[in-house]
Amino acid sequence: MLGLLGWTVVDIVGRTFFNAPMRGTVELTELAVVILVYLGLSYAESRDSHIAVDLLYQRLGVRGRLLLRVFAGAVSLLVISVLTWRLFVYAGQLDTGGYTTGILRLPLYPVALLAVLGAAAFWLAVFANTAVSLLALMRGHRDGD
């Protein structure tokens with residue numbers, strides 16, 4: 001993230017004061033953001049630090065919260081599975097088609113493969129959190145526990 005920030009600052013300074021922007025800054029920024037987002041998803045999930053609206057959640061007891069977490073986890077696992085699969089197919093299409101960035105001619109499929117890796121790690125983190133909630137629910141946690 002700091003490298004991306006530094007690159008952008010150097011590009012802005014070069015463009016503004018020397019009329020010499022760095023070639024490919026937009027491309028590199030776009031690719032870096034894709035990598036940071038997909039690789040950061042599993043980290044955020046493992047720390048339970050996603051943005052959430054807890055309007056309903058706070059009104060539920062322990063059992064209700066666990067049920068909601070298991071339900072949300074199951075839906076998330078389904079959505080992330082489809083996302084990961086489609087990203088993998090897309091990475092193959094990028095590789096087969098020889099797609100590259102417009103200016104620097106960097107191949108796009110390695111970035112897509114990193115997104116697949118990040119999505120798969122996200123799936124594993126959601127699975128682990130959902131399993132923990134399901135086990136707690138099965139152990140019989142009741143309201144007030």
Side-chain angles (χ1 to χ4, degrees), residues 1-15 21-145:
M1 187 68 128
L2 289 176
L4 180 59
L5 176 66
W7 183 277
T8 304
V9 167
V10 169
D11 178 60
I12 291 169
V13 169
R15 184 172 5 110
M22 295 177 69
R23 228 175 114 228
T25 296
V26 172
E27 291 176 352
L28 291 175
T29 302
E30 290 171 342
L31 297 177
V33 167
V34 168
I35 293 168
L36 287 170
V37 166
Y38 276 97
L39 295 181
L41 286 171
S42 59
Y43 178 74
E45 177 64 27
S46 69
R47 297 181 54 94
D48 199 23
S49 60
H50 287 291
I51 296 171
V53 177
D54 58 3
L55 194 63
L56 172 65
Y57 189 78
Q58 293 299 327
R59 296 172 191 251
L60 299 173
V62 174
R63 186 166 176 75
R65 289 178 184 182
L66 289 171
L67 277 168
L68 190 58
R69 280 184 166 269
V70 170
F71 175 74
V75 171
S76 295
L77 289 171
L78 178 65
V79 170
I80 298 165
S81 296
V82 172
L83 173 78
T84 305
W85 164 57
R86 293 306 305 164
L87 276 170
F88 182 74
V89 170
Y90 184 59
Q93 292 170 341
L94 291 174
D95 185 27
T96 302
Y99 290 96
T100 62
T101 60
I103 296 172
L104 297 177
R105 298 288 180 216
L106 298 171
L108 292 173
Y109 79 91
V111 174
L113 287 177
L114 283 172
V116 171
L117 178 67
F122 183 38
W123 188 95
L124 289 172
V126 170
F127 179 80
N129 286 343
T130 304
V132 167
S133 295
L134 183 59
L135 288 173
L137 188 63
M138 290 170 54
R139 286 190 187 123
H141 283 280
R142 290 178 177 71
D143 291 342
D145 287 348

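Because only heavy atoms are used, hydrogens play no part in the values below, and waters and symmetry mates are left out as well, while side chains stay in.
Although no hydrogens or angles enter the test, the distance criterion places a donor-acceptor pair under 3.5 Å between the side chain of Arg23 and the main chain of Ile103. A donor-acceptor distance shorter than 3.5 angstrom exists from the side chain of Ser49 to the backbone of Ala44, with no hydrogens or angles considered.
Here the OH atom belonging to Tyr99 is positioned 8.0 Å from the CD atom belonging to Gln93, to the nearest 0.5 angstrom. With rounding to the nearest 0.5 angstrom, the CG atom of Leu67 is 12.5 Å from the CZ atom of Arg65. Remark: Leu114 CG to Tyr109 OH distance equals 11.0 Å, nearest 0.5 Å. Here CE of Met1 is found 12.5 Å from CD1 of Ile35. Values are rounded to the nearest 0.5 Å. Interatomic distance, Met22 CE to Thr8 OG1, rounded to the nearest 0.5 Å: 9.5 Å. Between the OG1 atom in Thr130 and the CG atom in Leu137 there is a gap of 12.0 Å [rounded to 0.5 Å].
Under the rule for a side-chain contact (heavy atoms from CB on, under 4.5 Å), the partners of Ala32 that lie at least two apart in sequence or sit in another chain are Leu4. A search for side-chain contact (heavy atoms from CB on, under 4.5 Å) contacts involving Tyr38 returns Val34, Leu41, Leu83, Leu87, Ala115, Ala119, not counting sequence neighbours. Residues satisfying the side chain to side chain donor-acceptor pair (under 3.5 Å) test with Asn129, not counting sequence neighbours, are Glu45. Partners of Leu31 by side-chain contact (heavy atoms from CB on, under 4.5 Å), not counting sequence neighbours, listed by chain and number: Thr101, Leu106, Leu108, Val111. Partners of Pro21 according to the side-chain contact (heavy atoms from CB on, under 4.5 Å) rule, which considers only residues two or more places apart in sequence or in another chain, are Asp11, Arg15.
Residues Leu113 and Ala91 share a closest heavy-atom pair of CD2-CB, 3.8 Å. Taking each heavy atom of Leu39 and Gly118 in turn, the nearest pair found is CD2-CA, 3.8 Å.
For residues 67-91, the side-chain hydrogen bond (donor to acceptor under 3.5 Å, both in side chains) pairs, not counting sequence neighbours, are Asp48-Arg69, Tyr57-Arg69, Ser81-Trp123.
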